[in-house]
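Below is one structure, written out as structure tokens; the observations come after it.
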Amino acid sequence: MSTRDAAAGGLIGGRRAWLVWGVALGVYGLGVFHRSSLGVAGLLAADRFEITNSQLAAFTVLQLFVYAGMQVPVGVLLDRFGARTLLLSGVLLMTAGQFAFAFSDSFPAAVLARGVLGAGDAMVFTSVLRLVAAWFLVRQVPMVVQMTGLFGQLGAVAASAPLTVALRELGWTTTFAGASSVGLVLLVGVLVLVRDTPTRTHATGEVQMWALVRSLRSVWRRPGTQLGLWTHFTAQFSANTFALLWGFPFMVEGLGLSETLASWLLMAMIAWVIVVGLAIAKVIEKHPYQRSLIVLGIIAAMAVSWAAVLLWPGVAPLWLVIVMVMATGTGGPASMVGFDLARTFTPTATSGRANGVVNAGGFVATLCVMGLIGWLLDLRDGRTLADFKVAMSVQFAFWAFGATQLLRYRRKAISSLRKHDPATLELIRAGHQVEGVELL
């Protein structure tokens with residue numbers, strides 16, 4: 001047991017820990033719902049605001065741009081003020097943004113509302129990871145981190161078929177205004193139940209600007225931070241792009257599936273993510289030395305399945321589409337391995353900054369891919385299957401670049417451990433979980 005684990009006694013990993021995590025998970029799930037809502041509402045949004053493909057992509061691209069751009073500042077604020085404060089701020093901003101979106105009747109107003117929503121969403125996930133690191137045993141952390149990512153995706157489930165039904169039965173304004181009200185309930189839950197640490201001692205404090213800039217440079221230069229960043233960058237963007245915006249139009253307008261079937265496939269993808277994510281967590285828990293190689297194997301599977309669908313003459317058969325959807329979804333839990341890699345090389349005091357850098361990776365890739373797909377569709381002036389095949393092909397360039405960087409920083413991390421801390425390297429090879437190794 002680590003020194004941290006012993007210091008907090010039975011509180012670490014106990015029932016109170018699971019309660020704190022459960023409330024924080026609810027906030028994260030709400031953020032995922034808000035973020036994913038345009039996945040099935042995109043076609044309605046295009047009609048409501050009379051916008052082009054590029055403008056439709058701008059909704060999600062702006063939201064993710066704000067999200068990704070705030071990750072490092074949020075990491076700094078997290079290390080300074082703690083997870084509870086940022087969760088409260090995140091819930092307030094998400095609630096205000098979604099409520100404004102519900103009543104928006106112009107494209108600029110709707111874009112602004114999504115930007116506010118993205119700012120709130122940006123504060124949530126790394127705050128939950130900070131709580132996990134503080135409240136759970138070191139050996140529990142990899143599994144709980146994976147569970148956070150997986151069960152948070154229940155928000156995406158609610159943003160698929162159930163949201164489709166609600167939009168059809170209740171209309172745009174009632175549906176999104178009702179969704180925003182859930183944030184008020186969670187706000188009370190965070191106020192009453194969430195604390196930053198099991199003890200009265202908080203791992204936060206005043207940080208002078210000069211020291212902060214220097215620490216950010218130090219965090220950035222760590223091989224584990226870079227390895228986590230490129231893991232998240234390469235594994236996550238395809239699942240995000242598919243679930244958040246372009247998957248539904250691709251299946252309905254490109255492949256000719258019904259809206260109902262497309263919605264159910266998105267739900268099935270989330271169910272698959274939960275199952276396969278737990279399996280990935282078990283594997284990386286037992287084989288920490290192979291973590292990045294496992295992720296590379298999953299990335300290869302995604303690329304092969306997409307190549308099969310896009311190169312198929314005409315419309316690919318449904319079974320192949322299902323394989324592609326499930327392989328794409330697997331990228332979500334694979335990207336979570338990036339946080340586990342960063343944790344290995346990051347002291348707790350700077351974990352917010354490191355996780356912010358890692359979390360930015362996948363969302364930067366996502367907003368670039370989303371924007372390029374929308375631009376290519378507009379360039380071709382259509383949404384036929386041929387148009388989608390060309391547009392969706394941009395993913396391969398990002399997979400190739402990201403995988404190259406992932407391999408590069410895997411070698412650097414191993415080399416750094418071998419040079420500065422060979423004993424820890426042998427522990428990792430032997431299947432032991434370690435954290436807080438500070439190598440530059």
Quick one: side-chain contact (heavy atoms from CB on, under 4.5 Å) partners of [X], sequence neighbours excluded?
{"X": "Val188", "result": "Val192"}
{"X": "Val309", "result": "Phe250, Ala316, Leu320, Met324"}
{"X": "Leu376", "result": "Leu379, Ala391, Val394"}
{"X": "Ala268", "result": "Met326"}

[atom1] of [X] to [atom2] of [Y]: how many Å apart, nearest 0.5 Å?
{"X": "Trp172", "Y": "Leu167", "atom1": "CH2", "atom2": "CG", "result": "7.5 Å"}
{"X": "Gln226", "Y": "Phe233", "atom1": "CD", "atom2": "CZ", "result": "12.0 Å"}
{"X": "Tyr409", "Y": "Leu341", "atom1": "OH", "atom2": "CG", "result": "14.5 Å"}
{"X": "Leu227", "Y": "Thr344", "atom1": "CG", "atom2": "OG1", "result": "9.0 Å"}
{"X": "Leu186", "Y": "Leu191", "atom1": "CG", "atom2": "CG", "result": "11.0 Å"}
{"X": "Arg35", "Y": "Arg114", "atom1": "CZ", "atom2": "CZ", "result": "10.5 Å"}

Side-chain ([X]) to main-chain ([Y]) donor-acceptor, under 3.5 angstrom:
{"X": "Thr126", "Y": "Asn355", "answer": "no"}
{"X": "Ser416", "Y": "Lys412", "answer": "no"}
{"X": "Thr241", "Y": "Ser238", "answer": "no"}

State which residues pass side-chain hydrogen bond (donor to acceptor under 3.5 Å, both in side chains) with [X]; sequence neighbours excluded, sorted by chain then number.
{"X": "Gln236", "value": "His232, Asn240"}
{"X": "Arg411", "value": "none"}
{"X": "Ser292", "value": "Arg410"}
{"X": "Thr424", "value": "Asp421"}

Apply side-chain contact (heavy atoms from CB on, under 4.5 Å) to the pair Phe398 and Leu372, showing each step before the final yes or no.
CA-CA 11 Å; Phe398 285 80; Leu372 283 171; 3.8 Å; yes
Side-chain contact, heavy-atom cut-off 4.5 Å: [X] with [Y]?
{"X": "Leu417", "Y": "Pro422", "answer": "no"}
{"X": "Leu170", "Y": "Phe176", "answer": "no"}
{"X": "Tyr289", "Y": "Leu425", "answer": "yes"}
{"X": "Phe136", "Y": "Met143", "answer": "no"}
{"X": "Thr225", "Y": "Leu229", "answer": "no"}

Atom of [X], atom of [Y] and distance for their closest heavy-atom approach:
{"X": "Ser263", "Y": "Phe248", "answer": "OG-CE1, 3.4 Å"}
{"X": "Leu310", "Y": "Ser393", "answer": "CD1-OG, 3.8 Å"}
{"X": "Ala303", "Y": "Phe396", "answer": "O-CE2, 3.3 Å"}
{"X": "Ala281", "Y": "Gln146", "answer": "CB-CG, 3.4 Å"}
{"X": "Val295", "Y": "Ala334", "answer": "CG2-O, 3.6 Å"}
{"X": "Val145", "Y": "Met336", "answer": "O-CE, 3.2 Å"}

With side-chain contact (heavy atoms from CB on, under 4.5 Å) as the test, would you mind laying out the steps for Arg130 and Asp79 before giving the verdict?
CA-CA 9 Å; Arg130 181 63 168 259; Asp79 289 335; 2.5 Å; yes
Test: salt bridge (charged side-chain N to carboxylate O under 4.0 Å, His left out). Region: residues 273-295. Which pairs qualify, not counting sequence neighbours?
Arg291-Asp340
Quiz: residues 66-77 side-chain donor-acceptor pairs under 3.5 angstrom, not counting sequence neighbours:
residue: Tyr67; atom: OH; partner: Asn359; partner atom: ND2; Å: 2.9
residue: Gln71; atom: OE1; partner: Asn359; partner atom: ND2; Å: 3.0
residue: Gln71; atom: NE2; partner: Tyr67; partner atom: O; Å: 3.0
residue: Gln71; atom: NE2; partner: Ala122; partner atom: O; Å: 3.2

Pair Phe33 and Tyr28, ring centroids less than 6.0 Å apart:
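No: the rings miss the under 6.0 Å criterion.
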Can you run down the side-chain hydrogen bond (donor to acceptor under 3.5 Å, both in side chains) pairs that involve residues 327-336, sequence neighbours left out, and say none if there aren't any?
Trp272-Thr330, Trp306-Thr328
Applying side chain to side chain donor-acceptor pair (under 3.5 Å) to Trp21 and Thr148, what does each step give before you reach the verdict?
CA-CA 8 Å; Trp21 176 74; Thr148 300; 2.8 Å; yes
Taking it one step at a time, do Val358 and Trp230 satisfy side-chain contact (heavy atoms from CB on, under 4.5 Å)?
CA-CA 8 Å; Val358 172; Trp230 293 111; over 6 Å; no
Passes ring-ring contact (aromatic ring centres under 6.0 Å, His included), Phe237 versus Phe242? Steps please.
CA-CA 8 Å; Phe237 73 80; Phe242 195 85; over 10 Å; no
Salt-bridged, Asp196 to Arg84, with N to O below 4.0 Å?
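So Asp196 does not pair with Arg84 through a salt bridge.
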Show your working on side-chain contact (heavy atoms from CB on, under 4.5 Å) between Met251 and Leu265 and close with a plain yes or no.
CA-CA 9 Å; Met251 289 188 288; Leu265 279 177; 3.7 Å; yes
Cut-off 3.5 Å, no hydrogens considered: what does the side-chain donor-acceptor table look like for residues 85-102, sequence neighbours left out?
residue: Ser89; atom: OG; partner: Thr85; partner atom: O; Å: 3.0
residue: Thr95; atom: OG1; partner: Val91; partner atom: O; Å: 2.8
residue: Gln98; atom: NE2; partner: His34; partner atom: ND1; Å: 2.8

